[in-house]
Amino acid sequence: MIIPFLWMISTSFKSYGDSMQVPPDIIPKEWHPENYSKVFESVDFFKYYLNTIIVTVGRTLSQLLLCSLAAFAFARMKFPFKNVIFIAILSVLMVPPQVILIPNYAILAKLGWIDTFYALIVPGIFSAFGVFLLRQFFMGIPKELDEAAIIDGCSWWGIYWRVLLPNATPALIALGIFTALASWNDFLWPLIMTNSENMRVLSIGIASFQGQYSTNYPLLMAGALLSTIPMIILFIFLQKHLIAGISLSGVRK
Amino acid sequence: MGGFSTTIGKNKQNIVVVERKKKKLDKEAIIALLFIAPTFLGLLVFYMLPAIASFGLSFTSWDGITTPVFVGLENINTLLQDPTFQRSIINTIVFTIVSVPLSVVIATLVSLLLNQKIKGMVFYRTLYFLPVVTMPVAVGMVWKWLYNTEYGLINYILSVFHLPQPSWLFNPNIALFSVILVYVWMTVGNNVILLLAGLQGVSQSYYEAAQIDGASKLKQFFNITLPLITPTLFFVFITSMISSLQMFDLIFVMIGDNNALLDPLRTIVFGVYESGFKYSQMGIASAQAFLLFIAILAITIVQFIFQKKWVHYDS
């Protein structure tokens, strides 16, 4: 399971010559940590990082807010056509992202958003999956809590903000991780919606890196590791909540 | 006739109550709709309408710039007779049929191992989840390097044991399976996490009862654990299937988009990308995407029908 990672790390510290050696050294003969700084020198890796962080944070926070608001209404409030609207939202789950790629390209082109942050962020903040996941979780939170809050004169916003959200942390974290991961690792969408060097995200950055340095594996591996590390750290810190979040929401029924 | 006026009185009262209720309900409904509006409108603009548009575009010839021209079923006809598209269908099906059961079976076994209270569990779980959090592009690059015929680690290890050293990605007979192997490695952790969550929902009391009855571990697994996690297994199965039918980025990174070697690995989404964004044939690309959607929909529906035979929900 972990061998590819060890190999990735080992290669990333090798000199170009050592990486091409037969038989290969498992542990580098000489260490070349400067491969990592070379990644930043040879392409604008900082820019890619920054772009990816902006996109991921923007998408994740907005999605958590919008999805939880909608999920709250579906789980707790009464309004006409509730089921019809909910089913309409769920039907989005069925649509493969590739189906909407071309019309979305046309829409974003009309809006003049191609090759901007809007294209990378805005369509990604609406999620049927998120609404579904959070609704399932909210339904599991005792209704008495809301009722007590209503008696205390809480508004609907107050119930949402002060009662539901604090009690739904595991689910929010789970959805947050899923969204952040999907956004950070996304490839096809940014590949098509952006084209300038200035708007490149990490996934596209290291893929094009491969084109430029097709045989320089030490550099490629250093770049690949660098682009993955933030998500690994995120997962290590939040993994307990992730499992709790999933097991309490709809997946288990 | 005295009763008549009381009826009216009652009705009046009822109307007042209903109106008061309605007023309260209206306020609640308005707030609820405001809460839902952003997400709903966003999904409408960026998902529902595009899906409908995609359906429409698949009956047109469109270069992405000029006005689309209606061509009816021509795109679908062309595609169904196109050997390249046929190849992509077969590859996508083989990819899914091999990778999904493999990934689910391995994930089930691993999650059973990881669902124990032993030291260092966080470490082991992270280990299995590492490939999931890793960017698919990075995964593709590492494995391309591991598969390298001259300098790759895998063939070196095989050579130590005097085993044949295949050219993993460039031998058309095994290329697809080489990518499947990577895909399973990459996705197994995701399923492990979902199944772990399912396993943690199984009450310990079942096992205690089984132990009193003297049931073996294997019997406990088949009679308690497996039936109780079937809802999770079902979810894992469906989501794995949908995502493997949409295979794209791994292949793009491992083989590239301008290569004669691509044919043994070509998938349907690859065709969507190629027709739409390389050759600017948006109509054909939409038709491919739409056929894929129909296929996914059909498979999902079949699975939902079939689930009654094996999925047990608590009642």
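Proteins come first, then strands; the chains are lettered A, B, ... in the order of their sequence lines, and each starts at number 1. Note that the structure is predicted; figures quoted are calculated from it, not measured.
- Using cut-offs of 30° and 60° on the angle between ring planes, the pair A/F72 and A/W156 is perpendicular.
- Contact of A/L181 with chain B is made through the side chain alone, with heavy-atom distances under 4.5 Å.
- Only the side chain of B/L33 comes within contact range of chain A, judged by heavy atoms closer than 4.5 Å.
- Heavy-atom distances place no part of A/A109 under 4.5 Å from chain B, backbone and side chain included.
- For a residue to count as touching a neighbouring chain, one of its non-hydrogen atoms must lie under 4.5 Å from one of that chain's; by this rule A/I204 does not touch chain B.
- When heavy atoms are compared at a cutoff of 4.5 Å, A/V95 approaches chain B by way of both its backbone and its side chain.
- The part of B/V188 that comes within reach of chain A is its side chain, from C-beta onward, which places non-hydrogen atoms under 4.5 angstrom from that chain.
- The contact between B/Y273 and chain A is made entirely by side chain atoms (from C-beta outward), counting heavy-atom distances below 4.5 Å.
- In this structure, the portions of B/L127 lying under 4.5 Å from any heavy atom of chain A include both its backbone and its side chain.
- Interface remark: B/F252 contributes side-chain atoms only to the contact with chain A (heavy atom separation under 4.5 Å).
- Within the 6.0 Å centre-distance limit, the rings of B/F234 and B/F304 are counted as a close aromatic pair.
- Using a 4.5 Å cut-off between heavy atoms, B/L130 contacts chain A through both its backbone and its side chain.
- Within the 4.5 angstrom heavy-atom criterion, no atom of B/Q288 approaches chain A.
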